[in-house]
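Have a look at the structure below, then the notes.
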2 protein chains.
Amino acid sequence: MDRKTRSRLEARTRIIKALAHPSRLFMVEELARGKRCVCELAEMVGADISTVSKHLSLLKSAGVVRDEKRGNQVWYELRCTCVLGFFDCVEAVMDSLAEQEREE
Amino acid sequence: MDRKTRSRLEARTRIIKALAHPSRLFMVEELARGKRCVCELAEMVGADISTVSKHLSLLKSAGVVRDEKRGNQVWYELRCTCVLGFFDCVEAVMDSLAEQEREE
DNA sequence: TGGCCAATTGGCATAATAGCCAAGGATGGA
DNA sequence: TCCATCCTTGGCTATTATGCCAATTGGCCA
């Protein structure tokens, strides 16, 4: 694996890692329905606001979401709805895994 | 976030996490071209065989790949090619991120 | 049986993540 | 100006992930 390939894969990995957490998946699904502010998401996720803020910051730096300040609130929105396409595939893999386990 | 939702998201997370590593991405792309044995992949990735074996074991338990013993070798193959669809989306997110950075 | 090769597993050290509390910065209203 | 609210950041600990070496398993062949 040469340096160029590795660098390309690391860039992809940053985005995939950003999605690889239950709370972040939850927020992405929620943001697919519309903009939400941090305190709303924190309430829904059921974690400390600082934790949720860090999750959002991570999603933002990965390019998955975008933020917008309004007064003293910060609203987040999905930047790329194609991310939702991930989930269909993930479901397919899960079905495939279930099938595999039945085989054994 | 209720218990049922969390459990569903954790299941999805397992699969996404399995893809969230440069070497594993590399192997998935390589397996998209056809079956490969562990030593071939280890050679290509440029890591210790034991490391590659653990990566493959992780991908397998996530349901992304399947293995098949032939003599004293083990061949791996993609179980669900839809995983490749991830990458198109990832590219889109990366483009979107580049755009975001130009804006700022 | 003994030796070799492929692969997995155990063990360990290091690095990266996650989550909370506390502190700080910004905004809006009284 | 003072205070409350919203959010982010720093700091810390606990957990998890990574990658190597060493040891082990399993198959093949002489």
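Chain naming here is simple, since letters A, B, ... match the order of the sequence lines and numbering starts at 1 in each.
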Whole angstrom is fine here: how far is it from [atom1] in [X] over to [atom2] in [N]?
X       : N      : atom1 : atom2 : result
A:Ile49 : D:dC7  : CD1   : P     : 6 Å
A:Lys17 : C:dA16 : NZ    : P     : 8 Å
A:Lys69 : C:dG25 : NZ    : C1'   : 11 Å
B:Asp67 : C:dA6  : CG    : P     : 17 Å
A:Asn72 : D:dC2  : CG    : P     : 20 Å
B:Leu41 : D:dG19 : CG    : P     : 15 Å
B:Gln73 : D:dC29 : CD    : P     : 12 Å
B:Glu43 : C:dA7  : CD    : P     : 12 Å

With a 4.0 Å cut-off on heavy atoms, is [X] in touch with a base, just the backbone sugar-phosphate, or nothing at all?
X       : result
B:Lys54 : base
A:Ser50 : base
B:Arg24 : sugar-phosphate

Nearest heavy-atom neighbours spanning [X] and [Y]:
X       : Y       : result
A:Ala18 : A:Leu59 : O-CD2, 3.5 Å
B:Ser61 : B:Leu58 : OG-O, 3.1 Å
A:Ala62 : A:Ile15 : O-CG1, 3.6 Å

For A:Arg70 and for A:His21, find the nucleotide of DNA chain C with the closest heavy atom, then tell me which residue's nucleotide is more 5'. A:His21

Let me know, please, whether B:Ser57 or A:Gly46 comes out on the 5' side of the other along DNA chain C by nearest nucleotide.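 Its nucleotide being nearer the 5' end, the pick is B:Ser57.
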
Given C:dT8, D:dC20, D:dG19, which nucleotide is nearest the side-chain atoms of B:His55?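 My answer, after comparing the listed nucleotides, is D:dG19.
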
Which one, C:dC20, D:dG19, D:dT8, comes nearest to the side chain of A:Tyr76?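 So the nucleotide nearest the side chain must be D:dT8.
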
Working for side-chain contact (heavy atoms from CB on, under 4.5 Å), residues A:Val65 and A:Glu77: CA-CA 6 Å; A:Val65 304; A:Glu77 66 181 320; over 6 Å; no

Quick one: do B:Glu40 and B:Lys35 make a salt bridge, cutoff under 4.0 Å?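 Looking at B:Lys35 together with B:Glu40, the answer is no, because their closest N to O distance does not fall below 4.0 Å.
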
